[in-house]
Amino acid sequence: CHLKALSKMFASSIRGSWSFHAHRTFRRDQRSFSTQLQPQSAKLVSFFSNPNRFQGTSLICESKRKGDLLTASSIYNKLLEVQDIDPRVVCEMIDTYRQLDEEKTGTVLNDIERLSIPLLPLSQRWLFQWCMRRKDLHSAKILVNLPSASWNIIDLTEFARIFQEGHNDEGIVSILSLIDRRQLSVDARFCTILLKHYGSQLNGASQIRSLLNSIQGNDEILSNLYFWSSVMAASGTQGDLDCLNDLYNQCRSRVKPDSGLWNSIITALQRCGSLKRAIDIFHSMPRHLINHRTISCMLSIYAQEKGHLNQARELFRQIRGIPNQIHDSAWVSLFGIAAINADHSFLQEITQIWMMDSTKSNIIGSAMNAFSKCGDIDMVLQLLKQIPSHALDLYMITTVLSTYAIQPGYMTEAMQFWDRSCQMDLMNEFSWAAIFSVCSRNKDIE
């Protein structure tokens, strides 16, 4: 009985001391939490009752450190509402969005444009980096035209690159007008981006000439090989042979071409349709400067018209023993040469080497087309077996159906393949024309 009474007393004392200790700890933690919360809450209440940019900037910085984007946005919006905002507030808000929610940075940029807020150098740099990451043409145009922004030619080159990739003519014009107003000196990289832009324009040849006239006397640009490669590429894209010949003569009088420039000249002549001139320049080119791109260019030229089989065969025999010299584009051209000349022996010669290439599945459609043009139906069907159903495309389907139409006797196989193609929804007007040719060849009216 004594032990039982003693245990009850002991349990009661334990519960009482625990309750007292817990209550004291809770009160202490509550006071500590209130002490930490009270200054921030008091500052916010004070700010929203009497907003000003000095206190607002401090509170935005504090909210940014705590990762509280909602509070920082509320403070910024309040300053916008009372129109008490300065470059420092904008800078802090850009940094806040940069760290916590980059998608909202564009709202600050729109406010800068609308309220004509001057930019601090740090704000300008952060907005530039944000714009480059997003490649946002609208934001880039706003940034370029901000009166308070001080862009150098390196920054403007990056803006020009974005506008050129986005085919934005207005952006390029605004950059050129800004360069003209501030009398900035352009460099070779900026000019190459302009040349890419002019190459895609409707009247680009005259613009290319104007650009070259405007930089006469700038030896740093006119001695740059990459700049002249861009000139040749842009002229070739325009397809203006007279302009290309004129620019080619200027180029040869200025620099000694390297492999890249020779390749650009040959490709430009090919695009202008001057195949004979391109072949002549290739033969006058120093042998040690020929690389795999030169070979691909020349094979592409030989594949455009009949009569260059011997040159293509000689070039192929020169390079087939050199590792990594025959790229996919070169293989496509080789099969095109065999097809346009309908030379089955050359086709077998290149196929023997091509079959050992690990990337042969990438260009199997070109091989099938070449064998189809040479009338080798069995080889086309053999290659077809190597292609999984999911890899078939419209080009391959049209090639196979055209092959079945070469001679009668393949009506059943053609109809089975046609049915399979229809199930995959891979029929176009050329495929339909091919299957009708099969029916006509086999005189099958049904």
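Just the heavy atoms: all of them, side chains too, but no hydrogens, waters or symmetry mates, feed the values below. Numbers here simply count residues along the sequence, with the first being 1.
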Any side-chain to backbone donor/acceptor pair from [X] onto [Y]? Under 3.5 Å, distance only.
| X | Y | result |
| --- | --- | --- |
| Arg441 | Ala405 | yes |
| Ser274 | Gln270 | no |
| Ser229 | Leu225 | yes |
| Gln238 | Gly199 | yes |
| Asn249 | Asn245 | yes |
| Ser372 | Met368 | no |
| Ser200 | His197 | yes |
| Ser421 | Met427 | no |
| Asp240 | Ser235 | no |
| Ser214 | Leu211 | yes |

Residue [X] excluded, over 12 heavy atoms near [atom1] under 6.0 Å:
| X | atom1 | value |
| --- | --- | --- |
| Arg98 | CZ | yes |
| Phe430 | CZ | no |
| Lys141 | NZ | yes |
| Tyr395 | OH | yes |
| Gln216 | CD | yes |
| Glu220 | CD | no |
| Gln83 | CD | no |

message = Can you confirm if the NZ or CZ of Arg53 lies within 45° of the ring axis of Phe47 and under 6.0 Å from the centre of its six-membered ring?
response =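 The answer is no; the distance or angle limit is not met.
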Whether [Y] and [X] form a salt bridge (side-chain N of Lys/Arg under 4.0 Å from carboxylate O of Asp/Glu) is what I want to check.
| X | Y | value |
| --- | --- | --- |
| Arg317 | Glu314 | no |
| Glu158 | Arg189 | yes |
| Asp84 | Lys78 | no |

Within a strict 4.5 Å, meaning less than it, do heavy atoms of the [X] and [Y] side chains meet?
| X | Y | answer |
| --- | --- | --- |
| Ile175 | Val173 | no |
| Leu269 | Tyr248 | no |
| Leu115 | Leu80 | yes |
| Ile353 | Trp331 | yes |
| Met93 | Ser123 | no |
| Ile172 | Asn168 | no |
| Arg313 | Phe316 | no |
| Leu261 | Cys251 | yes |

Which atoms form the tightest heavy-atom contact between [X] and [Y], and what is the distance?
| X | Y | result |
| --- | --- | --- |
| Ala234 | Leu195 | CB-O, 3.4 Å |
| Ile117 | Ser148 | O-OG, 3.9 Å |
| Ser259 | Asn291 | CB-ND2, 3.6 Å |
| Gly217 | Leu222 | N-CD1, 4.0 Å |
| Cys272 | Leu244 | SG-CD2, 3.7 Å |
| Ile162 | Lys135 | CD1-CA, 4.2 Å |

Rounded to the nearest 0.5 Å, what separates atom [atom1] in [X] from atom [atom2] in [Y]?
| X | Y | atom1 | atom2 | answer |
| --- | --- | --- | --- | --- |
| Ser296 | Arg293 | OG | CZ | 9.0 Å |
| Leu120 | Glu92 | CG | CD | 9.5 Å |
| Leu127 | Met132 | CG | CE | 11.0 Å |
| Leu334 | Ile363 | CG | CD1 | 8.5 Å |
| Leu299 | His308 | CG | NE2 | 12.0 Å |
| Thr403 | Phe417 | OG1 | CZ | 9.5 Å |

message = So, applying side-chain contact (heavy atoms from CB on, under 4.5 Å) with Trp228, which one of Val255, Ile265, Asp258 is it?
response =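 Filter result, single survivor: Val255.
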Any side-chain donor-acceptor pair under 3.5 Å between [X] and [Y]?
| X | Y | value |
| --- | --- | --- |
| Thr192 | Ser230 | no |
| Asn77 | Glu81 | no |
| Tyr76 | Asp111 | yes |
| Asp187 | Asn224 | no |
| Asn203 | Ser206 | yes |
| Arg271 | Thr237 | yes |
| Thr398 | Ser431 | yes |
| Thr107 | Asn110 | no |

query = Of all residues at least two apart in sequence or in a different chain, which pass the ring-ring contact (aromatic ring centres under 6.0 Å, His included) check with Tyr97?
reply =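 Scan of Tyr97 (ring-ring contact (aromatic ring centres under 6.0 Å, His included), adjacent residues dropped) gives none.
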query = Any idea how Phe128 and Trp151 line up, ring-wise: parallel (<30°), tilted (30 to 60°), or perpendicular (>60°)?
reply =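 Correct class here is tilted.
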ask   = What class does the angle between the rings of Phe335 and Trp354 fall in, given that below 30° is parallel, 30 to 60° is tilted and above 60° is perpendicular?
value =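 Rings of Phe335 and Trp354: perpendicular, over 60°.
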request  = Kindly determine whether Leu275 and Gln304 satisfy side chain to side chain contact (heavy atoms under 4.5 Å, CB included), including the steps that lead there.
outcome  = CA-CA 9 Å; Leu275 303 185; Gln304 287 191 12; 3.5 Å; yes
request  = Begin with the C-alpha distance, continue with both residues' side-chain angles, and end with the deciding distance and a verdict on side chain to side chain donor-acceptor pair (under 3.5 Å) for Asp180 and Ser177.
outcome  = CA-CA 5 Å; Asp180 188 50; Ser177 62; over 6 Å; no
task = For Asp155 and Arg125, run salt bridge (charged side-chain N to carboxylate O under 4.0 Å, His left out): C-alpha distance rounded to whole Å, both residues' side-chain angles, the deciding distance at 0.1 Å, then the answer.
result = CA-CA 10 Å; Asp155 298 332; Arg125 184 52 43 190; 3.3 Å; yes
task = Given side chain to side chain contact (heavy atoms under 4.5 Å, CB included), test Trp130 with Ser139 step by step and report yes or no.
result = CA-CA 10 Å; Trp130 168 78; Ser139 301; 3.4 Å; yes
